[in-house]
Visitor: 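Before anything else, here's the structure in question.
Everything numeric in this text was worked out from a predicted model, so none of it was measured.
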Amino acid sequence: MKKLIRIHNIKIKVTEPEEALVKKIKQKLHVKEIESYKINKRSIDARNESEIYYVYEVDVAIKNEESILRKKKEFTKTPNETYQFPYKNTKREILSPVIVGCGPAGLFCGYFLALAGFRPILIDRGEEIEKRVKTVEEFWSTGTLKENSNVQFGEGGAGTFSDGKLNTMIKDKRHIGKEVLRLFVRFGAPEEILYDSKPHIGTDLLRNVIKNMREEIIELGGSFHFETTLTDIEIKENKLCQIELNHEQWIDCQNLILAIGHSARDTFELLLKRKVKIVPKPFAVGVRIEHLKEMINASQYKEFMNILPPASYKLTYTTKKGRGVYTFCMCPGGYVVNSSSEKNHLVINGMSNYKRESSNSNSAIIVTVTPKDFGPCPLDGVKFQRELEKKAYELGNGSIPSQRLEDFFENRPTTEFKNVVPVHKGSTIPANLNEILPNFIREAIKEALPEFGKKIAGFDSKEAIISAIESRSSSPVRIERNDYGEANIEGIFPCGEGSGYSGGITSSAIDGVITSEKVAYKICYK
């Protein structure tokens, strides 16, 4: 295999043609020809308003690479960034591990277990993606909610109806994240996610990726059971021995992976009842704000806005009382979506398609909450979420309650929308969000917005729209696990966002892979 040289920090003006990158590579290396190159990273540097750059990190194949590396210390050998699953099922007969939840954590856990010959069984209370999409679209158009299959539940998990962002801040020395992205591409995602600094699939493309992944897991020996809910577990001598499905069928189970998602509240209650150790954890609650996409693009990119993809942002602020306020799940050219999963309760999220084609850009503005705010008991955070979601439902009479920012600051109901019009999936109604937001959340958002306006011109414009309630930014609980990945009950493996160990598609997928290793190790060696 040809050795490659990695070159960092190659800047190309966004107005320059693609050939400029090859020219700059040759200039950096002081050579006339290169054999090939591959982009490893690409980001946008918009700090200088007069000129915006793409910044590249590339791997280059070239003759005499050793000689060049000796002469040019700023270049390095391209490291090996591949991932190899470390185990293989060598036993003829095993009791198949059961994975609860077919979001990214469950799917990637299932894929690697199936690849290694462990024949996992994946169950999900919701529907397979093809049926689930139709169910969700019917909910948005009619308001008829199917509690076990919706934006939160079903194949692909909650991230299926989101922006499909794949960036993560976790440290990943074993390059599992790169393998996750490579698999996304193999199953149908655009290749640029392998190198863009803010990789994005979009909910429309992500659906096909999920379907393709399911089909390969089945080919590898795994199986799927949709509209199937974990309803009980049997424990003997602190070991899992059986699980109940749909209140009617008991099956033997020695290894249960809980990739349940952050909205599986009935499962949290079941686990607590069966003495699985659950603790409350901090999360964040707030609203979702919308601006015209053109305004955000112009603020970020100025005259270059028409030649660059829709702009994103990330803003943080600490209030005078020390509470964190930050933007989350930013959706350029996206939609605010009704993401409810319980009747007479309303929660929202943001979603974008691959082309990010809508007229508005939106993001959550959320405020950190801790057990000091909602209580020390394991499910007090869930209770806090439910109370807010019930108030949001009642304020909007089932529709998404929304408000102009000017009216929010003046504490008066919005009666009509003007320059910025809501771009929502699900019905919308003008309202006064001051009526349902807890005082400490309301005041923290009002303090943060003018500060955000100093960073992005127009962010705190009176015409911006906020909607409520954004209450499921992450799980309100953590199911504790030991160094072997197991809970206090042997054979139960908490995994992913719902169990409190990840946040977002990629980090959940990574945790799914890590959990698959723990399960495989136990089956092979314990």
Visitor: Identify whether the distance between the nearest side-chain nitrogen and carboxylate oxygen of E447 and K321 falls below 4.0 Å.
Guide: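 Judged by the 4.0 Å cut-off on N to carboxylate O distance, E447 and K321 do not form a salt bridge.
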Visitor: Checking S361 side chain against G333 main chain: does a donor-acceptor pair fall under 3.5 Å?
Guide: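 Pair found, side chain donor or acceptor close to backbone of G333.
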Visitor: Could you tell me whether K198 and D196 have a side-chain N and a carboxylate O separated by less than 4.0 Å?
Guide: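 Salt bridge between K198 and D196, a charged N being under 4.0 Å from a carboxylate O: no.
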Visitor: Looking at E463 and K418, is any side-chain nitrogen of the basic one under 4.0 Å from a carboxylate oxygen of the acidic one?
Guide: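 So K418 does not pair with E463 through a salt bridge.
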Visitor: Could you tell me whether Y56 and Y37 have their ring centroids closer than 6.0 angstrom?
Guide: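 Ring centres of Y37 and Y56 not closer than 6.0 Å.
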Visitor: Is the F112 to Y87 ring centre distance short of 6.0 Å?
Guide: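 No: the rings miss the under 6.0 Å criterion.
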Visitor: CD1 of I505 to OG1 of T168: how many Å apart, nearest 0.5 Å?
Guide: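 So the gap between those two atoms works out to 11.0 Å.
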Visitor: Check whether the ring centres of F459 and Y313 lie less than 6.0 Å apart, and answer yes or no.
Guide: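 Distance test on ring centres: under 6.0 Å, yes.
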Visitor: Is the shortest distance from a Lys or Arg side-chain nitrogen in E137 or K134 to a carboxylate oxygen in the other one below 4.0 Å?
Guide: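 No.
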Visitor: To the nearest 0.5 Å, how far apart are CD1 in I289 and CD in E470?
Guide: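 I289 atom CD1 to E470 atom CD measures 12.5 Å (nearest 0.5 Å).
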Visitor: Assess the residue pair T15 and F304 against the criterion (side-chain contact (heavy atoms from CB on, under 4.5 Å)); give the C-alpha distance rounded to whole Å, side-chain angles, the decisive distance to 0.1 Å, and a yes or no.
Guide: CA-CA 8 Å; T15 53; F304 302 100; 3.8 Å; yes
Visitor: Sub-3.5 Å donor-acceptor pair from the side chain of D172 to the main-chain atoms of G177, do we have one?
Guide: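 Judged by distance alone, yes, a pair lies under 3.5 Å.
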Visitor: Quick check: do T414 and S402 have side-chain heavy atoms less than 4.5 Å from each other?
Guide: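 They are not in contact (no side-chain heavy atoms under 4.5 Å apart), so the answer is no.
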Visitor: Between K518 and F493, is the side-chain contact (heavy atoms from CB on, under 4.5 Å) condition met? List the steps.
Guide: CA-CA 8 Å; K518 305 287 188 182; F493 292 82; 4.0 Å; yes
Visitor: Please state whether the rings of Y354 and H200 are parallel, tilted or perpendicular, taking 30° and 60° as the class boundaries.
Guide: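 Y354 vs H200 ring planes: parallel.
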Visitor: Could R356 and D163 be called an ion pair, given the rule that one side-chain N must be under 4.0 Å from one carboxylate O?
Guide: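 Yes, this pair counts.
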Visitor: Does a side chain donor of either T78 or D59 reach within less than 3.5 Å of an acceptor in the other side chain?
Guide: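 Yes, side-chain donor-acceptor contact under 3.5 Å.
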Visitor: Would you say R132's side chain and N150's backbone share a donor-acceptor pair under 3.5 angstrom?
Guide: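 Such a contact is found between R132 side chain and N150 backbone.
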Visitor: Would you call E155-R214 a salt bridge at under 4.0 Å N-O?
Guide: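 Result for this pair is yes, salt bridge flagged.
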Visitor: Evaluate the side-chain proximity of V55 to I44: yes if any heavy-atom separation is below 4.5 Å, no if none is.
Guide: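 No. Closest side-chain heavy atoms not under 4.5 Å.
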Visitor: Mark yes or no for whether D45, through its side chain, and R47, through its backbone, hold a donor-acceptor pair below 3.5 Å.
Guide: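 Present.
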Visitor: If you define the side chain from C-beta out and look only at heavy atoms, does anything of E451 sit under 4.5 Å from K454?
Guide: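 Result yes, sub-4.5 Å side-chain heavy-atom pair found.
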Visitor: Please examine the side chains of R174 and E179, heavy atoms only from C-beta on, and report whether any two atoms are closer than 4.5 Å.
Guide: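 The answer is no; the side chains never approach within 4.5 Å.
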Visitor: Testing the 3.5 Å rule here: is there a donor-acceptor pair between the side chains of N360 and S358?
Guide: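 Checked: N360/S358 side chains show no N/O donor-acceptor pair below 3.5 Å.
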Visitor: Please say whether the positively charged group of R404, taken as NZ for Lys or CZ for Arg, lies over the ring of F417, i.e. under 6.0 angstrom from the six-membered ring centre and within 45 degrees of the axis.
Guide: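 Not satisfied by the 6.0 Å and 45° rule.
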Visitor: Report the C-alpha distance between S149 and E127 in whole Å, list the side-chain angles of each, state the deciding distance to 0.1 Å, and finish with yes or no for side-chain hydrogen bond (donor to acceptor under 3.5 Å, both in side chains).
Guide: CA-CA 6 Å; S149 191; E127 298 165 308; 2.9 Å; yes
Visitor: So, does T506 use its side chain to make a donor-acceptor pair with the main chain of L166 at under 3.5 Å?
Guide: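 Confirmed, T506 side chain pairs with L166 backbone.
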Visitor: Given 3.5 Å as the limit, does a donor-acceptor pair link the side chain of S502 with the main chain of E497, or not?
Guide: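 Pair found, side chain donor or acceptor close to backbone of E497.
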Visitor: Report the C-alpha distance between S339 and R472 in whole Å, list the side-chain angles of each, state the deciding distance to 0.1 Å, and finish with yes or no for side-chain hydrogen bond (donor to acceptor under 3.5 Å, both in side chains).
Guide: CA-CA 10 Å; S339 304; R472 302 194 199 173; over 6 Å; no
Visitor: Applying side-chain contact (heavy atoms from CB on, under 4.5 Å) to N40 and E81, what does each step give before you reach the verdict?
Guide: CA-CA 11 Å; N40 189 54; E81 296 176 331; 3.9 Å; yes
Visitor: Here's one to test your reading of the geometry: is the NZ or CZ of K314 within 45 degrees of the ring axis of Y326 and under 6.0 Å from its centre?
Guide: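 The answer is no; the distance or angle limit is not met.
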Visitor: Which residue, D204, V336, N362, T203, forms the side chain to side chain contact (heavy atoms under 4.5 Å, CB included) with M351?
Guide: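 So the option named by the test is T203.
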Visitor: Got a salt bridge between E16 and K23, using NZ or NE/NH1/NH2 to carboxylate O under 4.0 Å?
Guide: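 No salt bridge links E16 with K23.
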